[in-house]
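Shown next, in structure tokens, is the structure this report addresses.
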Amino acid sequence: MFKTGVVVTKDRNEISTETSEESTREKILNAAGEVFAEEGFEGATIRAITERAGVNVAAVNYHFRDKAELYTKVVLQACSVQAALQDAMADAADSPEERLRSIVHHFVRYLLDPSRPDWMRRLKAREMANPTAALDELVEKNLRPLRDEFLRPTLRDLTEGRFNQRELGLIASSVMSQCLYFLQYQPIIERLNPDFKNLKSNVAEIADHVTRFSLAAIREMTRQARRS
């Protein structure tokens, strides 16, 4: 019984240590996200990140190899769409129209999620304007699966297989761009349209509009391709 008690105590200590380490890692990631969003990759320093996170340099070195790895992890955290894709597929119906609706709704909801810190939007804008190696990993792990595994097959069904891969890529880009527009140009949209002062409260309306607009265009393109 004594030995059993010792083992249980050790397991609890290990769990407590793991929880503490995970908490420290999250503090570093969130602080780094804020600093990178403000200063960019070149301007950000590990000192500024540790001060904001309330940790020492040793903690950063323990969890991340260098500033470049930390930056990549932060970009992936800010821009990952894996959870949104999984939810979209879980809710998708059999018809391609409903699959597209599910993809758009979950993608827009993810992009405009009010619980997501604003630094994520600002960091993404910085990365798009000044791409680093982190963008390559982001595309391969997130955006390419969204397009190739979910969006393109849905569009192929919607267009009755009448378009080649390049043409489907253009249609997919048009759908994705509409969603991303409401994230990237949020400050401009809110100034041009006072009714959209808080885009995050209009997620359903935005997603419905993007879906209807896209389906209308796709149907017309398919009709024209059918006649040619």
Side-chain angles (χ1 to χ4, degrees), residues 25-55 57 59-85 104 106-152 166 169-193 196 198-200 203 206 210:
R25 188 175 187 277
E26 286 303 310
K27 284 182 180 179
I28 295 170
L29 285 170
N30 288 327
E34 293 174 358
V35 175
F36 284 133
E38 294 167 6
E39 306 296 337
F41 175 73
E42 295 297 336
T45 64
I46 294 297
R47 179 183 294 277
I49 293 169
T50 57
E51 289 178 353
R52 190 166 304 197
V55 301
V57 175
V60 176
N61 293 335
Y62 176 79
H63 289 282
F64 306 97
R65 183 172 59 251
D66 51 28
K67 188 173 83 167
E69 182 185 44
L70 174 57
Y71 180 77
T72 298
K73 296 296 183 185
V74 170
V75 169
L76 289 176
Q77 180 188 40
C79 306
S80 175
V81 297
Q82 290 296 337
L85 292 180
V104 170
H106 283 284
F107 192 35
V108 171
R109 190 178 305 138
Y110 161 79
L111 292 173
L112 300 180
D113 183 354
S115 67
R116 285 168 58 79
D118 188 59
W119 65 258
M120 291 185 174
R121 178 185 62 80
R122 290 184 285 114
L123 178 61
K124 184 171 184 177
R126 270 188 176 275
E127 182 60 23
M128 295 301 170
N130 299 287
T132 69
L135 186 61
D136 295 327
E137 193 165 349
L138 170 64
V139 169
E140 292 306 316
K141 291 186 175 180
N142 288 275
L143 299 181
R144 195 179 301 280
L146 168 63
R147 186 195 67 176
D148 294 351
E149 298 176 24
F150 301 97
L151 192 51
R152 262 186 176 170
R166 180 179 177 82
L170 288 171
I171 299 172
S173 296
S174 295
V175 175
M176 294 173 68
S177 296
Q178 291 179 80
C179 301
L180 290 167
Y181 171 81
F182 287 96
L183 174 70
Q184 297 296 95
Y185 292 90
Q186 185 174 332
I188 294 176
I189 295 170
E190 292 178 346
R191 285 166 172 76
L192 287 174
N193 304 283
F196 282 84
N198 184 5
L199 286 179
K200 295 176 181 179
V203 169
I206 291 169
V210 171

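Because the structure is predicted, anything quoted here is derived from the model rather than measured. Nothing fancy with the numbering, it's 1 onward along the sequence.
- Within the structure, side-chain hydrogen bond (donor to acceptor under 3.5 Å, both in side chains) contacts touching residues 127-138 (residues at least two apart or in different chains) are Tyr71-Glu127, Glu127-Thr132, Glu137-Lys141.
- A distance of 12.5 Å separates NE2 of His106 from CG of Asp113, quoted to the nearest 0.5 Å.
- Between Leu135 and Val75, the closest side-chain pair of non-hydrogen atoms is not below 4.5 Å.
- Distance CG/Leu123 to CE/Met128: 9.5 Å, rounded to 0.5 Å.
- To the nearest 0.5 Å, the span separating CD1 on Ile49 from NZ on Lys67 amounts to 7.5 Å.
- In this structure, the side chains of Asn142 and Leu76 come closer than 4.5 Å at one or more pairs of heavy atoms.
- Taking 4.5 Å as the limit, every side-chain heavy atom of Arg25 sits out of range of all side-chain heavy atoms of Tyr62.
- Between Pro145 and Phe150, the closest heavy-atom pair is O-CD1, 3.2 Å.
- The distance from atom CD of Glu51 to atom OG1 of Thr45, rounded to the nearest 0.5 Å, is 7.5 Å.
- Of the possible donor and acceptor atoms, one in the side chain of Arg191 sits under 3.5 Å from a partner among the backbone N and O of Pro187.
- For the salt bridge (Lys or Arg N to Asp or Glu O under 4.0 Å) test, residues two or more places apart in sequence or in another chain that qualify with Arg152 are Asp148.
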message = Run Leu112 and Gln186 through side-chain contact (heavy atoms from CB on, under 4.5 Å) and show every step you take.
response = CA-CA 10 Å; Leu112 300 180; Gln186 185 174 332; 4.1 Å; yes
N/O donor-acceptor pairs under 3.5 Å from side chains in residues 28-42, not counting sequence neighbours:
residue	atom	partner	partner atom	Å
Asn30	ND2	Glu26	O	3.2
Glu34	OE1	Arg52	NH1	3.4
Glu38	OE1	Arg52	NH2	3.1
Glu38	OE2	Arg52	NH1	2.9

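- The salt bridge (Lys or Arg N to Asp or Glu O under 4.0 Å) test applied to Arg65 returns Glu69, not counting sequence neighbours.
- When the salt bridge (Lys or Arg N to Asp or Glu O under 4.0 Å) test is applied to Arg47, no partner is found at least two apart in sequence or on another chain.
- Residues Leu111 and Phe182 form no side-chain contact, since every pair of their non-hydrogen atoms from C-beta on lies 4.5 Å or further apart.
- Remark: the Arg116 side chain and the Tyr110 side chain contain an N/O donor-acceptor pair separated by less than 3.5 Å.
- Residues satisfying the side chain to side chain contact (heavy atoms under 4.5 Å, CB included) test with Ile188, not counting sequence neighbours, are Tyr185, Leu192.
- Within the 4.5 Å cutoff, the side chain of Arg121 has no heavy atoms near those of the Lys124 side chain.
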